[in-house]
Amino acid sequence: MDLATLTADLEALRDRALSAIADVSDAASLDALSVDYLGKKGELTAVLRGIGGLPPDDRPRVGAIANEVRVALEIALEERGSNLRASELDRRLTAETVDVTLPGRPIRRGTLHPSIEAMNEICEIFAQFGFVVHESPEVEDDLTNFQMLNIPLDHPARDLWDTLYVDLPGHLLRTHTSPGQIHVMRSTPPPIRALLPGRCFRYEAVDASHGFEFFQVEGLMIDRGTTMADLKGLLDQFAHAMFGAGRKTRFRPGYYPFTEPSVAFDVECLVCGGVGCPACGRSGWMTILGAGMVHSVVLRYGGLDPEEYQGFAFGMGPERIKMLKHGITDLRLFLENDLRFLEQFR
Ligand code: PHE
């Protein structure tokens, strides 16, 4: 092999390759061409192998030409490739359409449990009157859940709160949020306006209106000269905010060992508007909470002097409020975790 032949071969190869590259019409064929010419077993590589047979003086010249050919082919391959990609994109842009008006896939969001939602609504209403949320433990001792609330050991009033006891002597799962009154009185100097939302537990046979686990929201107000009129005014405001401004309300005498006097607070039946229907037991009224003036025994256990401070407390079940508001007839729905129920409260 001599210099002139090799040079001519290289030039012929280049011309052939360039026109093949120009003719190619898809990316796969272009890749194949690249392998045919520049690959390990490609034509250019084969020519380069021939350089070894030249006299040493000629090798650099042929090497330089071969290099130019390689660079020219690489540039041509690259340009052709990007042209092909651009026209492929053009083709797809005209052939395929994206409907940007299609609605997106909805993101599934969780929701608050209706019991929690009801507690939040209750707390928000009382917050407007300056009531602040406090926390209180779910595992209590007998002293705080009962005795300091004026319910002595072996007192028959305990029957009102069937109790689940825990494996720690003298301890139980709180049967109501009222022991929170003691904690708040002992930790907060008056004036006090406290709310205690939380979970309660009772040893109950479960039915449509009883659960062994439910929520309560306790309210406590303590100040000098707080009266029953303050309690009545506040609860009226609450009922109107929760159930509608025109709703009639009434207070009935009630009994709780930790309040004296004690009341039950009713709102005009939300179903029949007071006429009487099955939902309200034909009475026209629905009871929404229990309340009363904090008993002097309880004030003393809370570290307060009943001669100086007075106050009231109330306790309500957020599930019951939700049931009355939405005409829900079975308390068990709140604990069954059935999405068909829960998703109605988004
Ligand atoms: N703790 C009472 C109950 O569980 C409700 C209540 C609270 C009544 C505060 C009066 C005052 O039934």
Side-chain angles (χ1 to χ4, degrees), residues 115 118-119 122-123 126 129 131 133-134 136-138 140-152 155-164 172-185 192-204 209-222 226-228 230-232 234-235 238-239 249-267 286-299 301-302 304 306 309-321 323-324 331:
S115 301
M119 279 202 291
I122 294 164
C123 291
F126 285 105
F129 296 94
F131 281 74
V133 170
H134 290 246
S136 185
E138 290 178 356
E140 272 295 356
D141 51 18
D142 189 279
L143 208 61
T144 324
N145 192 82
F146 288 124
Q147 296 172 54
M148 290 189 191
L149 293 173
N150 199 28
I151 312 168
H155 192 280
R158 288 196 177 221
D159 292 349
L160 297 173
W161 294 275
D162 290 321
T163 308
L164 290 159
L172 45 82
L173 296 179
R174 65 173 172 195
T175 56
H176 50 176
T177 43
S178 299
Q181 292 184 32
I182 301 291
H183 294 298
V184 170
M185 283 188 260
I192 295 170
R193 289 183 196 191
L195 287 174
L196 291 143
R199 202 182 290 269
C200 303
F201 309 85
R202 283 187 203 172
Y203 183 62
E204 294 269 9
S209 53
H210 296 85
F212 58 87
E213 191 186 0
F214 54 91
F215 286 94
Q216 279 193 344
V217 179
E218 188 89 5
L220 176 70
M221 159 131 190
I222 305 278
T226 304
T227 71
M228 190 101 180
D230 298 316
L231 171 65
K232 290 184 73 176
L234 178 69
L235 291 184
F238 167 72
T249 59
R250 77 173 180 186
F251 291 82
R252 285 185 291 120
Y255 171 70
Y256 297 100
F258 32 90
T259 46
E260 182 60 37
S262 302
V263 293
F265 182 56
D266 299 348
V267 66
M286 289 173 155
T287 302
I288 58 170
L289 57 82
M293 301 306 290
V294 179
H295 199 290
S296 56
V297 167
V298 178
L299 286 170
Y301 275 123
L304 300 172
Y309 289 107
Q310 299 75 38
F312 58 73
F314 54 84
M316 69 185 90
E319 285 94 358
R320 180 160 172 77
I321 304 265
M323 287 170 78
L324 295 179
L331 178 72

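The model shown is predicted, which means the values in this text are computed figures rather than measured ones. For the single chain, residues carry numbers from 1 onward in sequence order. Both counts, for ligands and for their atoms, begin at 1 and track the order of listing.
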Sequence neighbours left out, what passes side-chain contact (heavy atoms from CB on, under 4.5 Å) with A291? Give chain and number order.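 Here the qualifying residues are L231, L235, V263, L289, F314.
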Between F258 and H176, is the gap from one ring center to the other below 6.0 Å?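 Between H176 and F258, which both carry aromatic rings, the centre distance is below 6.0 Å.
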Please walk me through it: do F238 and F126 pass ring-ring contact (aromatic ring centres under 6.0 Å, His included)? CA-CA 7 Å; F238 167 72; F126 285 105; 4.8 Å; yes
Can you find a pair of side-chain heavy atoms, one from D142 and one from R158, that are under 4.5 Å apart?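 Contact flag for D142/R158 side chains = yes.
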Whether R202 and D162 form a salt bridge (side-chain N of Lys/Arg under 4.0 Å from carboxylate O of Asp/Glu) is what I want to check.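 Salt bridge absent between D162 and R202.
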Side chains of R320 and T287: donor-acceptor distance under 3.5 Å anywhere?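 On atom types as modelled, these side chains do not qualify, holding no pair under 3.5 Å.
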Sub-3.5 Å pairs, protein N or O with ligand 1 N or O:
unit_1: ligand 1; atom_1: 1 (N); unit_2: H176; atom_2: ND1; d: 3.0
unit_1: ligand 1; atom_1: 1 (N); unit_2: S178; atom_2: OG; d: 2.8
unit_1: ligand 1; atom_1: 4 (O); unit_2: W161; atom_2: NE1; d: 3.3
unit_1: ligand 1; atom_1: 4 (O); unit_2: R202; atom_2: NH2; d: 3.0
unit_1: ligand 1; atom_1: 4 (O); unit_2: Q216; atom_2: NE2; d: 3.0

